[in-house]
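Just the heavy atoms: all of them, side chains too, but no hydrogens, waters or symmetry mates, feed the values below. Labels below follow one simple rule: chain letters A, B, ... track the order of the sequence lines, proteins then strands, and each chain is numbered from 1. On a predicted model such as this, the values are computed, not experimentally measured, just so you know.
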Amino acid sequence: MKDASTETNEKKSDFPASYLPGTVEPAISARWESDKVYHYDPARPRQETFVVDTPPPTVSGSLHIGHVFSYTQTDILVRFQRMLGKNVFYPMGWDDNGLPTERRVQNLFGVRCEPSVPYNPDYKPSGPKKELKDYEHISRRNFLELCERQTAEDEKVYEALWRRLGLSIDWRQTYSTVGEHCRRTSQLSFLDLFRKGFVYSAETPTLWDTTFRTAVAQAECEDREASGFFHDIRFAVEGGGDFVISTTRPELLAACIAVVAHPDDARYRPLFGRKAVTPLFKARVPIMPSHHADPEKGTGIMMICTFGDIADVQFWRDHKLPLRQVIGRDGRLIPVQFGEGHQFDSADPAAAAAAYGQLAGLYAKQARAKTVQLLKDSGALAGDPKPTKQAVKYYEKGDQPLEFVPTRQWYIRILENKPALLEQGRKVKWHPEYMFKRYEQWVEGLNQDWCISRQRYFGVPFPVWYPLDAEGAPDHSSPIVPDAARLPVDPQTDCPPGYTEAQRGKPGGFTGDHDVMDTWATSSLTPMVSSGWATDKDKHARLYPADMRPQAHEIIRTWAFYTITKSWMHENSVPWHNAAISGWVVSPEKGKMSKSKGNTITPEGLLQTYSADALRYWSGKAKLGQDTVYDESVFKVGMRLATKIFNASKFAIMQSRGPAAGGAPLGPADITEPLDRAWVSHLKGIVESSRSDFANYDYAAVLLYVETAFWDFCDNYLELVKGRAYSGSPAQARSAAAALEWTVGVFLRLFAPFLPFITEEVWSWSFAERTGHPSVHKAPWPSAAEMAPVEGDALVLKAARAALDAIRTKKAGEKRSVKWPVARLAVECGPKQAAALQLALDDLFSAGCVDKAGFSLKETASDEAALAAVVELGAA
RNA sequence: GGGCAGUUAGCUCAGCGGUAGAGCAAUCGCCUUACACGCGAUGGGUCACAGGUUCGAAUCCUGUACUGCCCACCA
């Protein structure tokens, strides 16, 4: 390595002698901040603006490598837009709403929220607990305070990481999904939908998580494979006869309201219209035809219960059958009464009550075993249980199966608006295009309206109160809503219009809605949150709809869909024009990396080891939508690229300042040598395609060929002209120096979106002053027009390279150094190639250490054949 | 069961109608006045399989098999 003192003796040597990843970043970050490089300028018009609807990451722990991956891809696209001259609006939100935060706070501080506990202003959490029974029960307000405190802490850590990664966010534009602004926006959204009739409340069976004791939406469910048993149960037929039903959920026997078989099923057709009698409970239930009964499954006849699945709900609703709910909100069987005057019919109420008495209070799973036992004892079990695999619905964050429990919830009308929502989705440009299919299929498959209420605490409350009647019962049919001007409100502490606080909970008074909104009810408003829809009409007009929504594909059904829904309902508009869907990071074993699998990687250490640019390089190599294998060897390649940019740029800039330049600034007019012109015109082609590919969101293609071109530049063109730059004639040296300088200026800009740190560092050595653009990130994207006057013949470069390759191959074969002299070089090629080669001979001789006297050139008749060369090495 | 992607060198991927490509890894060399955190060279593939269209297919069409993901009212 070169002695550092040599460097310091160089005139104007204001750049470091060597590149150490990680050393330049802090200073560059600080400069970006102080120079306001990423600030949005509200004074500029909408058409010059590029608005990003950034995904607010869930603040519940730590960011992982998947976040780095997808947020970097967004940043790459954003940086390109900024260099096109766009006024970029790139905010950051924090999703600190909802269950993940609640769970984190519960575990971290060993607390549970208990709304009946009074507020303690001096409360100090005592820390995590081992046993569930040791958890402290604290008031709602204390709990919310802990949530806020914790999320504020986490947000600081997240921001620091984003800055370190070099995300070009305008840090003045941040929001938190439980902050006042989001609460106001969410509540205003609710009021608007309420007024337009898009939202309604209903007491109806809804997907219910018995652990969290809250309603959940269809989008938050997932199927999990579970093993269960088919139990064959004998039902009697009223007036004689019997049949056997196969069920996996015998504990719902008491909830049976009908049995159904396929209308064409000859076995059961004679029974339609008659009544079956359930074992144990002796309920008389209708035997009905239904197309959804599959003659091939089980015995071909099945129970309809309230409620085993969504089909039961449908059937119950369509046929207006009685409600026999047995599963309670906590997942246990609730007490019920049988016989005359009750929903639970029975031919023998005393026996039914005796049987059910052994089940009430048990959890569904326990009740299942007990029911089977009772059936066995009573002789109604026909044969042994048969094992089976089944798909069971779970809340994605839960660990108990979901049940359908009738409760009062708020819903948004999705089902009747499917056609409009599909149409809205079509108006968005999806990247990659096939991701629209996901959206389309999800919308088409929806079978429930969107349930937006949750029986939780840390979330946005519904701005709703209900009048209480003379008995103190709430009148849900006449909800009271506040003026928009009053928002945000908390119906637990604020008073509805026309009432006084003294009337809270009193007959003839009022009560506040206890529920909070689903996280997605707020998240679906992100483009409106950051545009100021609820607070600033002018700003909203300038920032809405957004230009780009970056997100992952698994939340197309939630975040993308809900956002499109709300934008349509509120503004009759799409929320954004482009959806950029990033892929996942998968482990080398091809599994998804996730916390639950314990194979997540935290980015801090990687940033330390490889540098931000290296991680960004890896992210930029992957196309949108494409899952990517976690592979540290790619980080190393990225790091090498950054180092190479440093070194090659150093060389080029030294030439542009050295004797070759002759002390005057270099420009296109100085590029006179045919080889230099050939290189410049080659690079112009790359510059042109980069613009269109990037505009098409295909940044990965750009990185691929820019990187290839750059290594080609270093290894071939630069090697060819190096000698001339050092010791050519003044005009020839000047031509090389001008081409080198321009090339580096172009590469720095082409790489800037991917490797913002190293490019900014190198830019600052010379180009910042030369171009009048202090930051490379606000310099204009390179254009062919910059170099319009420079035209060249690509064949010059190609011929010189071919000859040089032959020399290199020869030397490597002879195990000689690159500097080994070539005594004889006999080239044979067509006339055009020969003419081209003639124009770069001096460069070739210099780079290959060829003895001029030993060179011969023989022209063949046609240019079809490739250039051939015979090389003979000299003596040392 | 429906849908969407994918299957190209040991690994990660590009190419998407005209003679099989890159990086990494492997092997052999080279201290060369930007860089040894470097440079040069070499080996390595019936482009999953089967049909079809075409003068010509990794590339287009049809089917099959795997892989991954998304979805689904399997009682």
Side-chain angles (χ1 to χ4, degrees), chain A residues 1-2 6 17-21 222-223 228 230 245-249 252 259-260 290 292-294 296-305 308-315 388-393 432 434-442 444-447 553-554 556-557 583-584 586 588 590-592 618 621-623 625-631 633-634 636-637 639-655 700-701 704-705 707-708 711 714-715 718-719 722-723 725-727 740 804-805 807-820 847 849:
Chain A
M1 157 159 281
K2 197 193 234 176
T6 319
S18 60
Y19 174 63
L20 279 175
E222 62 188 27
D223 283 352
F230 272 121
I245 278 180
S246 253
T247 179
T248 54
R249 298 204 62 183
L252 292 179
V259 299
V260 298
S290 170
H292 94 272
D294 180 352
E296 304 294 320
K297 287 241 161 69
T299 56
I301 188 162
M302 61 192 277
M303 289 201 289
I304 301 292
C305 304
D309 57 33
I310 184 79
D312 286 351
V313 176
Q314 206 66 51
F315 198 87
T388 177
K389 292 266 179 225
Q390 53 182 159
V392 180
K393 272 206 186 313
Y434 61 75
M435 287 296 178
F436 171 67
K437 281 274 176 196
R438 296 265 178 110
Y439 177 86
E440 189 176 42
Q441 213 198 339
W442 172 254
E444 281 168 354
L446 279 164
N447 56 29
H553 50 70
E554 86 275 20
I556 288 174
R557 65 178 182 162
W584 278 339
V586 295
K590 297 289 160 79
K592 187 194 175 190
W618 164 74
K621 290 291 268 187
K623 288 193 267 195
Q626 186 177 69
D627 293 349
T628 290
V629 177
Y630 174 80
D631 182 359
S633 72
V634 180
K636 288 187 189 150
V637 176
M639 206 160 59
R640 275 189 6 166
L641 176 61
T643 308
K644 195 75 173 176
I645 290 173
F646 178 101
N647 285 316
S649 303
K650 189 175 75 173
F651 173 78
I653 292 171
M654 274 162 61
Q655 300 316 309
L704 189 72
Y705 57 67
E707 186 190 10
T708 305
W711 286 99
C714 293
D715 297 340
L718 196 152
E719 290 298 334
K722 194 192 271 181
Y726 279 129
S727 54
L740 287 170
L804 184 60
D805 281 346
I807 294 167
R808 285 169 166 171
T809 306
K810 180 71 179 175
K811 288 182 181 174
E814 302 284 319
K815 303 193 176 177
R816 298 300 186 189
S817 95
V818 180
K819 272 182 75 184
W820 200 270
C849 304

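- rG68(B) and rC73(B) have their C1' atoms separated by 26 Å, with the value rounded to a whole Å.
- Pairing for rC69(B) goes to rG3(B), judged as Watson-Crick or G-U wobble with the two contacts each under 3.5 Å.
- Distance from the side chain of Trp442(A) is smallest to rC71(B) among rC71(B), rC37(B), rG38(B).
- Taking the nucleotide of RNA chain B with the nearest heavy atom to each of Asn647(A) and Asp631(A), the more 5' of the two is matched to Asp631(A).
- Set against rU32(B), rC74(B), rC70(B), the side chain of Lys819(A) has rU32(B) as its closest nucleotide.
- Here the side chain of Ala812(A) is nearest to one of rG40(B), rA14(B), rC73(B), namely rG40(B).
- Remark: rG10(B) base-pairs with rC24(B); criterion is Watson-Crick or G-U wobble with both hydrogen-bond distances under 3.5 Å.
- Taken from SG in Cys849(A) to NZ in Lys811(A), the straight-line distance is 4.5 Å, to the nearest 0.5 Å.
- Of the C1' atoms belonging to rG23(B) and rU8(B), the separation is 15 Å, rounded to the nearest Å.
- Taking the side chain of Lys623(A) as heavy atoms from C-beta on, and the options rC70(B), rG15(B), rC39(B), the nearest nucleotide is rG15(B).
- The base of rG3(B) lies outside donor-acceptor range of the side chain of Glu440(A), with no N or O pair under 3.5 Å.
- Atoms CD (Glu222(A)) and C1' (rA72(B)) sit 15 Å apart, rounded to a whole Å.
- Taking atom C1' in both rG10(B) and rC69(B), one finds a spacing of 27 Å when rounded to whole Å.
- Tested against Met303(A) for a side-chain contact (heavy atoms from CB on, under 4.5 Å), the candidates Ile245(A), Asp312(A), Val260(A) yield a single pass: Ile245(A).
- With RNA chain B read from its 5' end, the first of the two nearest nucleotides for Tyr19(A) and Phe230(A) is the one closest to Tyr19(A).
- Side chain of Ser633(A), nearest nucleotide from rG40(B), rC24(B), rA75(B): rC24(B).
- The Lys437(A) side chain lies nearest to rC4(B) when the options are rC73(B), rC4(B), rC35(B).
- Taking both residues in full, the closest heavy atoms of Thr248(A) and Gln390(A) are given as OG1-NE2, 3.3 Å, listed atom of the first, atom of the second, then distance.
- Of the side-chain N and O atoms in Arg438(A), none sit less than 4.0 angstrom from OP1 or OP2 of rC69(B).
- rG17(B) and rU59(B) are spaced 11 Å apart, taking the P atom of each and rounding to whole Å.
- Using a 4.0 Å heavy-atom distance criterion, Gln390(A) is classed as a sugar-phosphate-only contact.
- One atom, CH2 of Trp584(A), and another, C1' of rU12(B), lie 20 Å apart when rounded to the nearest Å.
- Using atom C1' as the reference point in both rG51(B) and rC70(B), the two lie 31 Å apart (nearest Å).
- Atom P of rU7(B) sits at a distance of 10 Å from the matching atom of rG15(B), rounded to the whole Å.
- Taking a pair to require two hydrogen-bonding distances under 3.5 Å in either a Watson-Crick or a G-U wobble arrangement, rU54(B) remains unpaired.
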Go through Ile304(A) and His292(A) one step at a time and tell me if the side chain to side chain contact (heavy atoms under 4.5 Å, CB included) criterion holds. CA-CA 11 Å; Ile304(A) 301 292; His292(A) 94 272; 4.0 Å; yes

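- Residue Asn447(A) places its side chain closer to rC73(B) than to any other of rC73(B), rC39(B), rC71(B).
- At a threshold of 4.0 angstrom between heavy atoms, the contacts of Trp618(A) with the nucleic acid are absent.
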Stepwise side chain to side chain contact (heavy atoms under 4.5 Å, CB included) test for Arg438(A) and Trp442(A): CA-CA 6 Å; Arg438(A) 296 265 178 110; Trp442(A) 172 254; over 6 Å; no

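- Per the geometry, CD1 belonging to Ile653(A) stands 15 Å off P belonging to rC35(B), to the nearest Å.
- For rC16(B), there is no paired nucleotide, since no Watson-Crick or G-U wobble pair has both relevant distances below 3.5 Å.
- Ranking rC73(B), rC37(B), rA41(B) by closeness to the Asp309(A) side chain, first place goes to rC73(B).
- If you measure from atom NZ of Lys722(A) to atom P of rC39(B), you get 10 Å, rounded to the nearest angstrom.
- The distance between atom CG of Asp312(A) and atom P of rC73(B), rounded to the nearest whole Å, is 12 Å.
- Here Lys621(A) does not reach the OP1 or OP2 of rG23(B): none of its side-chain N or O atoms lies under 4.0 Å away.
- Checked by distance alone, Lys815(A) brings no side-chain donor or acceptor within 3.5 Å of a matching partner on the base of rC30(B).
- Across all strands shown, rG38(B) pairs with rC30(B); the Watson-Crick or G-U wobble distances both stay below 3.5 Å.
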Side chain to side chain contact (heavy atoms under 4.5 Å, CB included) evaluation trace for Met654(A) with Lys650(A): CA-CA 6 Å; Met654(A) 274 162 61; Lys650(A) 189 175 75 173; 4.0 Å; yes

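- Residue contacts shown for Thr643(A) include a base, since a base heavy atom lies under 4.0 Å away.
- Between Leu718(A) atom CG and rG40(B) atom P the separation is 12 Å, expressed in whole Å.
- As rounded to whole Å, 11 Å separates atom P of rC24(B) from atom CG of Leu641(A).
- If you check rG68(B), rC39(B), rA5(B) against the side chain of Asp627(A), the one that comes closest is rG68(B).
- Distances shorter than 4.0 Å separate some side-chain N or O of Arg640(A) from OP1 or OP2 on rC24(B).
- Under the 30°/60° scheme for interplanar angles, the aromatic rings of His553(A) and Trp584(A) are found to be tilted.
- As judged by a 4.0 angstrom heavy-atom cut-off over every strand, Cys714(A) is placed among the base-contacting residues.
- If you check every strand for non-hydrogen atoms under 4.0 Å, Glu707(A) touches nothing.
- One atom, NZ of Lys811(A), and another, P of rC39(B), lie 17 Å apart when rounded to the nearest Å.
- Nearest heavy atom pair, residue Gly300(A) against residue Ala293(A), reads O-CB, 4.3 Å.
- Pairing for rG63(B) goes to rC49(B), judged as Watson-Crick or G-U wobble with the two contacts each under 3.5 Å.
- Separating the P atom of rU33(B) from that of rG40(B) is a span of 15 Å, rounded to the nearest Å.
- When the P atom is used for both rA75(B) and rG6(B), the distance is 34 Å, rounded to whole Å.
- In this structure, Leu20(A) CG and Phe646(A) CZ are separated by 8.5 Å, a value rounded to the nearest 0.5 Å.
- Closest contact between the side chain of Val637(A) and the listed nucleotides rA14(B), rC24(B), rU42(B) involves rC24(B).
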